[in-house]
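Every chain is numbered from 1, with letters handed out A, B, ... down the list of sequences.
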Number of protein chains: 2
Amino acid sequence: MASSAKALWPSVEDRERERREKREAVLHAAVRSFNEKGFHATSLDDVANALNVTKPTIYHYFANKDEILFECVRRGLDSIRHAAEAVESEGGGGLERLRRLMRDYAIIMTRDFGMCVTRTADHELSGDSRAKFRALKREIDQTVRRVVEQGMADGSIAGGDPRLVTFTLTGALNWIAHWYDPRGALGAEDVADAAVATLVGGLAPRRLQGER
Amino acid sequence: MASSAKALWPSVEDRERERREKREAVLHAAVRSFNEKGFHATSLDDVANALNVTKPTIYHYFANKDEILFECVRRGLDSIRHAAEAVESEGGGGLERLRRLMRDYAIIMTRDFGMCVTRTADHELSGDSRAKFRALKREIDQTVRRVVEQGMADGSIAGGDPRLVTFTLTGALNWIAHWYDPRGALGAEDVADAAVATLVGGLAPRRLQGER
DNA sequence: ACAGTCATTTACTAGCGAGTATATGGATTA
DNA sequence: TAATCCATATACTCGCTAGTAAATGACTGT
């Protein structure tokens, strides 16, 4: 079959796929460095070295540094958006939906591209990409807010200003990207479940079912 | 009295005070630019221009750009630390204390130096200042965590991992610095009260006192 | 065999911005 | 009135890094 031959005589599709994979490899090397050292402190020579190539090779796959950062955050934002849309299309009351959404959101925040989203400030992107970045974030915010509103409407979520409630929730979740350490004892799921429990239950203890 | 004469024949103390005030003025111009455009995108020429002076004047008050950023975050962190320590020294149960602390914390996050704290990533500071920055943040984290633990111990706060609960709370509060707009309709207190209400009460609605 | 395309290299440009050397003039002290 | 200090300015250096020009060699399709 083709797969054994492809190393020596790759087909057109093989080469297209390889190009995409190399592009992704650049993004992965870049996002790790961005998360570790920050966007400005990461030179494209750094990224190139991490991949054992030279800088012009990177420019063969991307127009400029901006585009690299944007593609990183886009991947993170797309994951969140897909999670949010999945939740909207499934059933359940507002709180139930929001709970699932927050859990998925939290887990994405423990991963490279997710971390990159909240560690990247708007002003690190320039011009067009910045506008797109903002638009994507706004879109997600609005989806989350709709779920919150739905929950308030069906009575499964306590009343309040949906905008402020949404910011409070996403703030707590976004912040995971600033402290989570994949090498630590806690898995992403542990962190996600704990965050959801605190946000849903609140700090004040709830009486048990039978209690007065 | 001295104040009328001081403009023409300033005393030694007057001149010391003026020096301190000019230092603070530099910090204020700097922090505004840092918050608006980011640390790297802010050149010291920008800061100097905002004050109608030139760059060497700034170096007359600060050793380097690093020191300027550090002094900015230190002011923000000091405010939070004072709020945290004040709460610890006052009375009240764990939840009551934490509620006050979170409110103060939130309000600080709407102000210039507070915003700067959470918008500044560790790696923007170098060497010594970075270590101090981390240490100050850790100290605050531990104080908050102690209050959380106290509340869990006295039963006023629901059980859970104090570390994760603290991160969830401070995350929500830190994030205020990323979206709060002082020119908007909401005052800092409105935002603070809303955030505290959501975090204390949780998303799930609570039954009223008499309800089954 | 040939013209073209692709991936990658070496070697460069160009601009920005942190930080400095040095000058100036006004006030302070001796 | 000389020596000194303080705040500020002008005019510079130097390093870093984004981005580019041009070459090379492998492979492709004709």
Side-chain angles (χ1 to χ4, degrees), chain A residues 2 5-26 29-30 33-34 37-72 123-129, chain B residues 2 5-26 29-30 33-34 37-72 123-129:
Chain A
K6 93 181 167 226
L8 294 172
W9 297 283
S11 69
V12 173
E13 307 88 66
D14 284 338
R15 266 185 277 116
E16 278 171 1
R17 191 178 41 76
E18 182 164 293
R19 186 164 220 281
R20 276 197 305 277
E21 282 171 3
K22 286 186 179 177
R23 236 181 101 95
E24 293 302 313
V26 171
S33 188
F34 293 163
K37 314 196 302 181
F39 177 66
H40 287 286
T42 298
S43 78
L44 290 188
D45 282 316
D46 291 341
V47 179
N49 282 337
L51 297 164
N52 293 311
V53 294
T54 58
K55 193 165 47 168
T57 299
I58 291 181
Y59 280 94
H60 194 252
Y61 294 93
F62 295 92
N64 50 44
K65 202 183 173 189
D66 224 61
E67 192 189 7
I68 296 177
L69 178 57
F70 179 70
E71 286 297 314
C72 289
H123 45 248
E124 293 184 299
L125 288 161
S126 51
D128 223 33
S129 351
Chain B
K6 96 182 165 225
L8 294 173
W9 298 283
S11 69
V12 174
E13 305 89 66
D14 283 339
R15 265 185 279 117
E16 279 173 358
R17 191 177 42 75
E18 181 164 292
R19 188 164 219 280
R20 277 197 303 277
E21 283 173 3
K22 286 186 178 175
R23 239 182 98 95
E24 292 302 313
V26 172
S33 189
F34 293 163
K37 313 195 304 182
F39 177 67
H40 286 286
T42 298
S43 77
L44 291 188
D45 284 315
D46 292 340
V47 178
N49 282 338
L51 297 164
N52 292 312
V53 294
T54 57
K55 194 166 45 169
T57 299
I58 290 181
Y59 279 95
H60 192 252
Y61 295 93
F62 295 92
N64 49 45
K65 202 184 173 189
D66 223 61
E67 191 188 6
I68 296 178
L69 178 58
F70 179 69
E71 287 297 313
C72 289
H123 43 68
E124 293 184 297
L125 288 160
S126 50
D128 222 33
S129 352

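Side-chain nitrogen and oxygen atoms of His60(A) include none within less than 4.0 Å of the OP1 or OP2 phosphate oxygen of dT8(C). For Arg19(B), no side-chain nitrogen or oxygen approaches OP1 or OP2 of dC6(D) to under 4.0 Å. A sub-4.0 Å separation between OP1 or OP2 of dT8(D) and a side-chain N or O of Thr54(B) is absent.
In this structure, CD of Glu16(A) is placed 16 Å from C1' of dC27(D), rounded to the nearest angstrom. One interatomic measurement links the two molecules: CD of Glu124(B) to P of dA18(C), which rounds to 13 Å at whole-angstrom precision. One can place CD of Glu67(A) at 15 Å from P of dA18(D), the figure rounded to the nearest angstrom. Atoms NE2 (His40(B)) and P (dA18(C)) sit 10 Å apart, rounded to a whole Å. Rounded to whole Å, atom C1' of dT10(D) lies 13 Å from atom CG of Asp45(B). Look at CD on Glu18(A): it is 17 Å from P on dA26(D), rounded to the nearest Å. Atom-to-atom, NZ of Lys55(B) to P of dT20(C) comes out at 10 Å; the value is rounded to the nearest Å. The nearest whole Å value for the distance from the CZ atom in Phe62(B) to the C1' atom in dA7(D) is 15 Å.
Ranking dA18(C), dT8(D), dA7(C) by closeness to the Lys22(A) side chain, first place goes to dA7(C). Distances were taken from every side-chain heavy atom of Tyr61(B) (C-beta onward) to each of dT8(D), dA18(D), dG19(C); the shortest belongs to dT8(D). Among dA7(C), dA18(D), dA9(D), the nucleotide with an atom closest to any side-chain atom of Thr57(B) is dA9(D). Considering only side-chain atoms of Lys65(A), the nucleotide from dT28(D), dG19(C), dG19(D) that sits closest is dG19(D). The side chain of Pro56(A) lies closest to dT20(D), out of dG19(D), dT8(D), dT20(D).
Here the closest non-hydrogen pair linking Ile68(B) and Ala30(B) is CG2-CB, 3.7 Å. Residues Ala48(B) and Lys55(B) share a closest heavy-atom pair of CB-N, 3.7 Å.
To the nearest 0.5 Å, atom CG of residue Asn49(A) and atom OG of residue Ser43(A) are 7.5 Å apart.
Ion pairing between a basic and an acidic side chain is recognised when a charged N comes within 4.0 Å of a carboxylate O; Arg17(A) and Glu21(A) show such pairing. At a threshold of 4.0 Å, the pair Arg20(B)-Glu24(B) does not count as salt-bridged, since none of the basic side-chain nitrogens sits closer than that to a carboxylate oxygen.
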